[in-house]
Colleague: 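Take a look at the following structure, please.
Remember, predicted model here, so these are calculated numbers, not experimental data.
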Amino acid sequence: MSDTTDPRALIYGNQLTPNEAQTLAHETLAGCDDGELYMQFVASESFLFDDGRLKTADYSRESGFGLRGVSGEMTGFAHANEISTPAIRRAGETLRLLDPASGAPASAPQRSNRHLYTDASPLDAVPFEAKVKLLEAIDAAARARDPRVAQVTAGMAASWSVVEIVRADGFVATDIRPLVRLNVNVVAEQDGRRETGAFGFGGRYLYDALMSEEGWNRAVDEAVRQALVNLESVDAPAGEMTVLLGPGWPGVLLHEAIGHGLEGDFNRKGTSAFSGRIGERVAAPGVTVVDDGSLADRRGSLSIDDEGTPTSETVLIEDGILKGYMQDRLNARLMGVEPTGNGRRESYEHAPMPRMTNTFMKAGKDDPAELLSRVKKGIFAKSFGGGQVDIVSGKFVFSCTEAYLVENGKLGAPIKGATLIGDGPSVLTKVSGIGNDLELDEGIGTCGKGGQSVPAGVGQPTLLVDGLTVGGTA
């Protein structure tokens, strides 16, 4: 992967040429409505520094293809980790099981030369020793911040993926995708009590931002701060109450409880709480939610999706009114709408489906301090951990990793064991204040659906929500 290497050569090698790939796509997909030959090379690495030493250092590289044919609502898909003419022809045998296409083939995606991130590989630019030295520095710095820091875990990961999409109609698109991430986890101990804190950041760029002193020190500061705050936490209250959600990462609640319900496949099949509701009010006035994969360098961004469609800002909810869904090519065609650049797949081993990119609520006009002043009794949820969501109903349970009591408009003691319980459609209608402080997350999100995981982004401004159920330990 040196600078003199043509990235496409890592896909084609010496067993296939670009012209042969176009011929094979035309031959194997000739009887289909739609589909593509998706080829990929990916190199990845990860490091884990724990308990004062390097625990793991992994490096891998692989390549392969996925061949997908679509006829009506039927999809045929086959993949292999050998990119060659015989392997692709064997995969094409799978597509013969599909019913022959009855209409005209779907038109190709719009072409785009846009590049939202660098083509360079983050894996090559920094020596192995420098990466280990960084993790050692993070470990030492976190322990030096406070004597109560008992354990530090630091991890970093990067990948570099080259994908080429070849269609039967001659359309060819290439995308080269970097991705990096740094995570710091801290355990603080005092009087036999142990609490945790965590912080991470990343995106589609090189290691430079992670290795800058300002960047990694901020991660250390935030992880230690959260752990020490949690050492002072008291039991969370329980019951229905007003909840103030912080900006940025708390948007993961919107992503899970609402975002999945706005993906095209669930709505085409009528299994989403938002099915058939285009043009209806589904949220409080002022609530505008978008999915935008066209933001430069963001973790969830893509210059083109995994079907070759350029990403864009897709307005899902505007001023409380449902405007549309996120679409891949299959669902868009069957629903009679345009694809939105949301056809995504985990790798060449998977077929694409409608998936979120960067999904967030836009800023409102309220001063966050004024929103806090409105809370007579409730909690302020600053950060979330894990959660569970039922996509059909939108019902969710989320745990708070950092939260505070609020009384008479003032922040009180930090609380532990708080969970937020509700359903996505109802939450949107209970929003009574929208801050002017939109933040996107730090670039650590991974979204799961249908057994596939993809990087994703979330975000929101400070939100005031009336009447959310809080599960507590008090």
Colleague: Can you confirm whether the side chains of R268 and S275 place a donor and an acceptor under 3.5 Å from each other?
Modeller: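 There is no such pair between these side chains.
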Colleague: Look at the side chain of R298 and the backbone N and O of D441, then say whether any donor-acceptor pair between them is shorter than 3.5 Å.
Modeller: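 Yes, because the side chain of R298 sits within donor-acceptor range (under 3.5 Å) of the backbone of D441.
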Colleague: For S44 and S60, test the side chains for any donor-to-acceptor distance below 3.5 angstrom and give the result as yes or no.
Modeller: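 Yes - a donor-acceptor pair under 3.5 Å links their side chains.
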Colleague: Look only at the side chain of D305 and the backbone of G343, and say whether a donor-acceptor pair between them is shorter than 3.5 Å.
Modeller: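 Yes: the side chain of D305 pairs with the backbone of G343.
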Colleague: Between the side chains of E318 and T288, is a donor N or O closer than 3.5 angstrom to an acceptor N or O?
Modeller: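 No, T288 and E318 have no side-chain donor paired with an acceptor closer than 3.5 Å.
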Colleague: Say whether T311 and S294, considering side chains only, have a donor N or O and an acceptor N or O under 3.5 Å apart.
Modeller: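 The criterion, which ignores hydrogens and geometry beyond distance, is not satisfied for S294 and T311.
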Colleague: Under 3.5 Å, is there a donor on one side chain and an acceptor on the other for T314 and D292?
Modeller: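 There is no such pair (donor and acceptor under 3.5 Å, judged by atom type) between the side chains of T314 and D292.
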Colleague: Okay, side chain of T401, backbone of S383: is any donor-acceptor separation there less than 3.5 Å?
Modeller: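 Checking the backbone N and O of S383 against the side chain of T401, a donor-acceptor pair under 3.5 Å is found.
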Colleague: Quick check: does any side chain N or O of E189 sit under 3.5 Å from a backbone N or O of A150, one acting as donor and the other as acceptor?
Modeller: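 Flag not set: sc E189 to bb A150 has no pair under 3.5 Å.
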Colleague: Is the closest side-chain donor-acceptor distance between N342 and R355 under 3.5 Å?
Modeller: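 Their side chains do not contain a donor-acceptor pair, so the 3.5 Å distance test is not met.
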Colleague: Report yes or no: is the cationic atom of R177 (NZ for Lys, CZ for Arg) under 6.0 Å from the centre of the six-membered ring of Y117, at an angle within 45° of the ring normal?
Modeller: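 No, R177 and Y117 do not form such a contact.
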Colleague: Other residues, nucleotides and ligands only: do more than 12 of their heavy atoms fall within 6.0 Å of CG on D58?
Modeller: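 Counting neighbours around CG of D58, more than 12 heavy atoms of other residues, nucleotides or ligands fall under 6.0 Å, so yes.
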Colleague: Parallel, tilted or perpendicular for F266 and H260, by the 30°/60° rule?
Modeller: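 Correct class here is perpendicular.
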Colleague: Donor-acceptor pair, distance only, cut-off 3.5 Å: does the side chain of W216 make one with the backbone of I138?
Modeller: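 Checked: no pair found.
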